[in-house]
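Please read the structure below before turning to the comments.
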Amino acid sequence: MTETIDTSTPLGRPIKRKEDAKLLHGRTNWTDNIQLPGTLHMAILRSPYAHAKITKLDVTPALSRPNVIAAYGADELGDLNGSIPCVWPVVDDIVMPDFPSLAKGVVRHVGDCVAVVLATDPVHAADALEAIEVDYEPLPAVVNMQDAIKGGTLVHEDAANNVCYNYPFATGENYDDVKAKADVVVTRQWANQRLIPAFMEPRSVVAAPMGMSDEMTVWSSTQIPHVLRVLMALVTGIPENNLRIIAPDVGGGFGGKLQLYREEVLVTQLARKLGRPVKWTETRSEDMVATHHGRDHIQTIEIAATKDGKILGLKVHLLADMGAYLQIITPGIPILGMFMYPAIYKMDAYDFHCTGVFTNKTPTDAYRGAGRPEATYAIERIVDELAAELDMDPMELRKKNWIKHEEFPFTTVAGLTYDTGNYEAATAKALDLFGMDELRAEQKRRRESGDTVQLGIGISTFTEMCGLAPSRTLGALKYVAGGWEHATIRMLPTGKVELVTGTSPHGQGHETAWSQIASSILGIPVEDIEVVHSDTGRAPYGMDTYGSRSLAVGGQAIKKAAENLIEKARIIAAHQLECSPGDLEFVGGEFKVKGDPEKAQAIGAVAFEAFTAHNLPDGVEPTLQGEATVDPEDFSYPHGTHLAAMEVDTETGKVTLRKYVAVDDVGNQVNPMIVEGQVHGGLAQGIGQALYEGAFYDEDGLPLNANLSTYLIPAAPDLPSFITDRTTTPSTTHPLGTKGVGEAGAIASTPAIINGIVDALRPMGVTDVAMPATPMTVWKTIQSANQAAKGGQA
Amino acid sequence: MQHISVNVDGTQYEGDVEPRTLLVHWLRNEVGKVGTVVGCDTSNCGACTILMNGRSVKSCSVLAVQADGASVTTIQGISTGDDWHPVQTAFKECHGLQCGYCTPGMVMSAIDLLGENPNPSEAEIREGLEGNLCRCTGYHNIVRSVEKAAELMGGAK
Amino acid sequence: MIPAAFDYTRATTVDEALTALASSDDAKILGGGQSLLPVLRQRLNAPELIVDCSAIDEIKGIDAGGDKVTIGAGATHHAVMNDPAVKASVELLAQATETVADPQIRHRGTLGGSLAHADPRADQPPVALALDAEFTIAGPSGKRTVPASEFFIGPFETAVGEDELLVSVAFPKYDGWGSHYEKFNRTAQAWSIVGIAAAVRMDGGKIAEARIGLTNVGGTPVRATAVEQALVGASSMAEIAAAAERASDGIEPFADEDADVEFRKHLARVLTKRAVAKAAGIE
């Protein structure tokens, strides 16, 4: 860490996490640990087919199996078979098919829910699934988007040509006019492949009826207890005020737990029907087909530029795979990306079009970055291709086109206004840490000697929009919910603090970081602040955690709540100290009379006065708390420069990431240790996409690698240590000067890796490598380039 | 049902189990050692790693009956909570965990690794943890944590 | 997910195991369980009887007396790769074993279990094949020995009959040989796409004798005899490379997501060259 640390306040310091003690001692409360007396365990019969008619379904044989209490198909479930909502109908004429919890007559992806069994233990519930009598009549599966839009087999009868929606968006000058002026036009098509979130804690949900008045407590391994409560009330009809949703310790999410899942609805409905607790925990193999997937876009991108490298315009046409159904924000994911294709570059025209396509595959939805990684991949790759076409250094081309630091705030062609940024500074620092000159020299040596192992250098100068988002903007985009966040800070009589947040952490360290923010304002030690979260009974207001929004939005609410608390305390303290509030300054947790520092009262003492209420000024209510609900002024725009040195074994196609430098600008940092950890984890996922991961299907729509032995996420030997650093350009639209960081690493790293591989192989005629860049893919790419070269000579 | 007797974290537990019961499920459901968790069904993730007779094993890939007569140590048995095992200390110091789900297994693997090799190189640490998946940290700070633990345990250079 | 219900017998002697195996038409032997348990958990297989052989002490030892290193089928991977006699006299086996799965699995999984499971992707079978190991199998009518060349019959199929138990594997001693196991996989946790087990005896800077086994280029491990013969006398990288070109002779690899037939054959050649060069200490 190179930042200067101000030790007078906990803000900006790498304080060790409060969360860690229990996690390191196994004293955790994962949802699957919850064991309520009388619990019934649910097991799910899932479709083995991608697309089929259910010609027979008889669950009654399961009822005679040991310990089985109930079994249901869609018919038996009747009105309780709630439909899963989508809250982001991106256009008016979007096709939004019914998405029942249990399939009604037709299954539409492997893993679709067909029937459930409830037993007094999970083992017998699983055993009884085999007793269910079910027959399927397989239907042709819609697997490939390019085929899907030609019509033929339909995933949903009401979606002609399997199209969910078309979304056109053109800004700036007319793209074709701009293209006509261009000297160079580069067009590429890329598959941004389907990924599986693969958080380590499998999903789990427990629902318990409370009392007799339709009250229900639901524990779920979710990122969004608050949103879930609203949606669960709408789906089940349980009055929202009777629903309490708790996300206990949650083991990762990465967007995959930003959802209202079928299983959550089923468990809740069946607990209600049967009047006893119901529990379900997924197996990993279930997770791989039933938890929503991410990415899966086919991107056609065209960039137009002058011969001296000025970018004029960009055209992007997407096919975005929705999968078989629309989940919570499935259609909106590519639209989040829409704003980011122009990225950090100045240009005159932007023409975007997205077609959402249904297929017989697991639904897609948010996965770390959600739309922005796809956009960043496409733009950062095409800029490299443009540089190659122009025979320019790829960094020079970027410098020529990016927004200069003195030009902020800057409104991009896509219509976003970036508040601050300094791409020059981040790039300079990254180049310095990377040792670019030495690596380029080595690259030259290897090329000249015809070394089996070639070296490539990959660049990604990314930005992203996060901290979702101003509620008005979300409304304009047809997103049903708002983007605000809430915080309540209560001073307890003993001087301790309860900080209630609407964010819902699942690994991000909010308990520590939020304490640091409050501590820096209240002057109360970090350890005396308890952060209350993820329980709608204790933290009723909130919009939860996704889209790198928790600090960017929630942090603002904490700051404002703390300031509101101080203002109330100031009035009480002034009364106690017999002065006017304006005579007081609040320093280090104490109100001091200006000019008379002997006269002072600590905030804890004020809290006690507010509690006893023996001597409060007229009109001041007892107790001391501050609350705030903040709607952000704008998105947050972190940026950075990432550089990757890639070794490519041209004989085997095996790629090795040798060195990775990430310099991120996330504005002010609350806890640099946590920031760095977020970057590391994001890098691993972005590198995972580039090199290892991909959910693949055969032509019948059957998943080919739906478990952790075949869906390869990187293990420790598959990654190097990272070199990370930061530049600090504080945000001006966020009162703490912070920006989001949760997704930055995942967004930035994928194109850096692929650019590095292509750079290594470009002298051989390679201009693209598909993801994931497996040895066979890389080797075949080299072979094709060799063939083409030979053909050219002949 | 089979009768088994297993020493878990220093206490002898006896019970009857169905032969198909996995050790991890017995530990969680019968012994109450819920610190040890399940993350997959293909023995890839290592979240369920414990020490069995002193060596790291994946408790999802051992039948409870096979542990009859064995001594098992889980994440809940390596320290009391007031005192910390050096590996636990190091993981906190180095931010070697985020969501914490892989952490029990990661810590147990690290203990085994350092027992066999008190002064591992970075490559040896990475290889030694290859049976444990983490989706949060990118392993960077886990490696730092094990290096730190080696230092705390007196093994490092 | 947990396995479907099964009957269970824990054998403490080979005879007990054989008696148990004879009692059922649908019995599975549980060794270290590292291959079997994931299969049972996913309910890809549901045998009637599990015969647990992990407590049979008489098949866990490693004996280096005489001109062989005899390894009990129940010896764990961890025991095998750390055994001084194995390291000294069957170094290739130690090297391949180090690449098997991960430490936890190596603590439980056994050499015998892996060989008898005969997964085409497994790293030790080609070592046993290349080094002419001899398998001792116990059955109702006593013990018999089977050479490695006759042991591996097909994917997941060996000479061990339904009512038999593999009890030990004897490796001739290869003291003084150079060896290398070249594992090629996508991630640390992934199976071998192709693996090459190579051992060479050097004489005066030249390869005097070579033994090459290939992993995952067919339904069984493959002995690259054409390469072995072509390597005799080789002393340079060019000569090794020329010999290694024959690694794909006669193999019939299958295609999967990681490699099609062409790529597997290519890998067999390239990786054989590399493995032999490393085994021979020639750059």
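Order of the sequence lines fixes the chain letters, A, B, ..., with proteins taken first and strands second; residue numbering starts at 1 for each chain.
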Pairwise side-chain hydrogen bond (donor to acceptor under 3.5 Å, both in side chains) hits with a residue in residues 21-42 of chain C, at least two apart
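Of all non-adjacent pairs touching residues 21-42 of chain C, those that pass side-chain hydrogen bond (donor to acceptor under 3.5 Å, both in side chains) are C/S24-C/E48.
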Considering all heavy atoms, the nearest [X]-[Y] contact:
X      : Y      : answer
B/Q66  : C/S54  : NE2-OG, 3.3 Å
B/N132 : C/Q189 : N-NE2, 4.1 Å
C/L37  : B/V62  : CD1-N, 3.5 Å

Begin with the C-alpha distance, continue with both residues' side-chain angles, and end with the deciding distance and a verdict on side-chain contact (heavy atoms from CB on, under 4.5 Å) for C/E98 and B/E127.
CA-CA 10 Å; C/E98 282 177 19; B/E127 292 293 331; over 6 Å; no
Less than 4.5 Å apart, side chain to side chain, heavy atoms only: is that true for C/H78 and B/E116?
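A side-chain contact under 4.5 Å exists here.
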With a 4.5 Å limit on heavy-atom distance, are the side chains of C/D52 and B/L63 in contact?
no
Answer with side chain, backbone, both or neither: which region of C/A101 has an atom nearer than 4.5 Å to a non-hydrogen atom of chain B?
backbone
Part of C/L36 within contact of chain B (heavy atom distance under 4.5 Å)
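Neither part; nothing is under 4.5 Å.
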Given 3.5 Å as the limit, does a donor-acceptor pair link the side chain of B/R20 with the main chain of C/F6, or not?
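Checking the backbone N and O of C/F6 against the side chain of B/R20, no donor-acceptor pair under 3.5 Å is found.
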Strictly less than 4.5 Å between heavy atoms, which residues of residues 33-44 of chain B line up against chain C? Please order them by number.
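So the qualifying residues are B/V38, B/C40, B/D41, B/T42, B/S43, B/N44.
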Looking only at side chains, do B/S56 and C/Q104 share a donor and an acceptor under 3.5 Å apart?
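Per modelled atom types, B/S56 and C/Q104 side chains form no pair under 3.5 Å.
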